[in-house]
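First up is the structure itself, then whatever we jot down about it.
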Amino acid sequence: MSARHDAFRQKTSPNAVKVHAFSASSDFEAAQKSYAWHGWGVWKPEPDWAEEFYTDEEAETQKCYLAVRIPHQP
């Protein structure tokens, strides 16, 4: 999550609100955590998809953003 993600979410779905947050080391791990939180079971990527891992810099940027993000911000 970042300011860019919040702005995009606000633009595409103005009434959306953040109800859950988690951390993940890759896009595949994030997708599985989202599926688990929603109760959808096991997430499976398409066979030709490549897992992308987040860098330490990306993780730190997100951590810093979440620390200052307005709690009630959609």
Side-chain angles (χ1 to χ4, degrees):
M1 177 174 295
S2 66
R4 180 176 58 97
H5 292 117
D6 276 339
F8 179 73
R9 184 175 36 260
Q10 186 67 24
K11 184 176 181 180
T12 59
S13 186
N15 296 324
V17 293
K18 183 181 95 148
V19 296
H20 181 65
F22 55 86
S23 61
S25 61
S26 72
D27 57 342
F28 284 15
E29 182 183 5
Q32 179 53 56
K33 285 185 174 187
S34 178
Y35 260 55
W37 186 80
H38 284 94
W40 296 338
V42 177
W43 176 81
K44 294 184 178 161
E46 294 296 320
D48 60 338
W49 289 1
E51 186 170 15
E52 294 186 25
F53 290 88
Y54 305 121
T55 66
D56 291 341
E57 181 180 355
E58 289 170 321
E60 185 62 26
T61 298
Q62 183 180 67
K63 181 180 172 183
C64 291
Y65 175 68
L66 290 173
V68 299
R69 184 178 189 261
I70 301 168
H72 65 276
Q73 184 175 351

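Quick caveat, the model's predicted, so the values are computed rather than measured.
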From Ser26 atom OG to Tyr54 atom OH, the distance as rounded to the nearest 0.5 Å: 6.5 Å
Side-chain donor/acceptor of Gln32 to backbone N/O of Gly41, under 3.5 Å: yes
Counting distance only, does the side-chain N/O of Lys33 pair as donor-acceptor with the main-chain N or O of Ser23 below 3.5 Å? yes
Could you tell me whether a side-chain N or O of Asp27 sits under 3.5 Å from a main-chain N or O of Glu51, the two making a donor and an acceptor? no
Are the side chain of Ser34 and the backbone of Ala30 linked by a donor-acceptor contact shorter than 3.5 Å? no
Quick check for you: to the nearest 0.5 Å, what is the distance between Arg4 atom CZ and Tyr65 atom OH? 11.5 Å
Between CZ of Phe28 and NZ of Lys44, what distance do you get to the nearest 0.5 Å? 13.5 Å
Please say yes or no: joined through hydrophobic side-chain contacts below 4.5 Å, possibly via intermediate residues, are Trp43 and Trp37 part of one cluster? no
Heavy-atom count around Phe53 CZ within 6.0 Å, excluding the residue itself: above 12? yes
Among the clusters formed by ILVMFWY side chains lying less than 4.5 Å apart, do Val42 and Phe22 turn up in the same one? no
Under 3.5 Å, is there a donor-acceptor pair between the side chain of Gln62 and the main chain of Glu58? no
Checking the side chain of Thr12 only, and the main-chain atoms of Phe8 only, is there a donor and an acceptor separated by less than 3.5 Å? yes
